[in-house]
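In what follows, a structure is listed as structure tokens, so that the remarks can point back to it.
Just so you know, these numbers come straight off a predicted model, no measurement behind them.
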Amino acid sequence: MTVFILLACLGGVLVGLSRQLNGRLSISTTPLIASFWNHAIGFAVLTCLGLFVGGLLPAGAAEAPWYAYLGVSIGVIFVAAGSWVIARIGAVNSALLIIGGQMVTGVAFDYISAVPASFWANAAGIVLIVGGMMISRRRKASGAQ
């Protein structure tokens, strides 16, 4: 179990580093160029890893419905938007925005799918995330005066 926890922490660090690099590249160039390089390098690394480890093309990939591949387009938009946002509001606030968006979207998907969940726990989580973002913005605004 410890190995998986460490891998999850390493994944989080690498995602944070990737966002920082994309944000910095976006400042130097444009968000679309940052997104392009992010995806080009990711494609090359993951292709090499898939060839080395195996399972580059999983069984049944050709039979997947067309909408299963919409994640590619959504990913490009997400990375480009993230590169643009990080340059404007900072890494911490953009991370909070992403986490908050994932929380709210997850709750919305649960309700749409009729997944049994505690309304009060979900509402409390959303309120805490939004409250934390508001406190962060208020401290930043009062420190700038």
Side-chain angles (χ1 to χ4, degrees), residues 1-27 29-50 53-143:
M1 184 66 139
T2 304
V3 172
F4 295 118
I5 292 171
L6 292 174
L7 284 173
C9 290
L10 176 64
V13 168
L14 292 175
V15 167
L17 179 63
S18 171
R19 290 180 198 214
Q20 288 290 332
L21 290 171
N22 284 338
R24 181 64 195 128
L25 183 58
S26 174
I27 291 171
T29 59
T30 68
L32 288 177
I33 291 174
S35 178
F36 169 78
W37 283 110
N38 178 53
H39 285 88
I41 291 170
F43 176 76
V45 169
L46 289 175
T47 299
C48 291
L49 186 64
V53 174
L56 179 63
L57 295 174
E63 289 82 29
W66 66 270
Y67 53 83
Y69 297 100
L70 286 178
V72 174
S73 302
I74 294 169
V76 169
I77 293 167
F78 182 80
V79 170
S83 299
W84 183 80
V85 167
I86 285 176
R88 279 142 187 87
I89 67 171
V92 173
N93 286 329
S94 65
L96 286 173
L97 184 65
I98 291 167
I99 292 167
Q102 288 173 341
M103 176 68 179
V104 172
T105 304
V107 169
F109 281 165
D110 284 348
Y111 282 113
I112 290 169
S113 303
V115 173
S118 169
F119 171 78
W120 295 110
N122 288 340
I126 291 171
V127 167
L128 287 172
I129 290 171
V130 171
M133 292 174 68
M134 290 172 56
I135 290 170
S136 171
R137 296 297 294 166
R138 189 175 305 147
R139 283 187 186 165
K140 188 174 181 181
S142 66

> Considering all heavy atoms of both residues, which atom of A80 and which atom of P31 are nearest to each other, and what is their separation?
Replying inline: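 Of all heavy-atom pairs spanning A80 and P31, the closest is O-CB, 3.4 Å.
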
> For A61 and Y69, which heavy atoms make the closest approach, and how far apart are they?
Replying inline: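 Heavy-atom minimum between the residues: O-OH, 2.5 Å.
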
Partners of [X] by side chain to side chain contact (heavy atoms under 4.5 Å, CB included), sequence neighbours excluded?
X   : value
I33 : T29, T30, W37
F43 : T47
V76 : S35, H39

> Are any of the side-chain heavy atoms of L10 and L6 separated by less than 4.5 Å?
Replying inline: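 With C-beta onward as the side chain, the pair stays apart.
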
> Are side-chain heavy atoms of Q102 and T105 found at a separation under 4.5 Å?
Replying inline: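 Heavy-atom side-chain distance check fails, nothing below 4.5 Å.
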
>> With rounding to the nearest 0.5 angstrom, report the CZ to CD1 distance, F36 to I41.
In response: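 One finds 9.0 Å between CZ of F36 and CD1 of I41.
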
>> So, taking the atom named CG in L32 and the one named CG in N38, what distance separates them when rounded to the nearest 0.5 Å?
In response: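 So the gap between those two atoms works out to 12.5 Å.
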
>> Is it the case that atom CZ in F109 sees more than 12 heavy atoms from other parts of the structure closer than 6.0 Å?
In response: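 No, because the 6.0 Å sphere around CZ of F109 holds 12 heavy atoms or fewer from other groups.
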
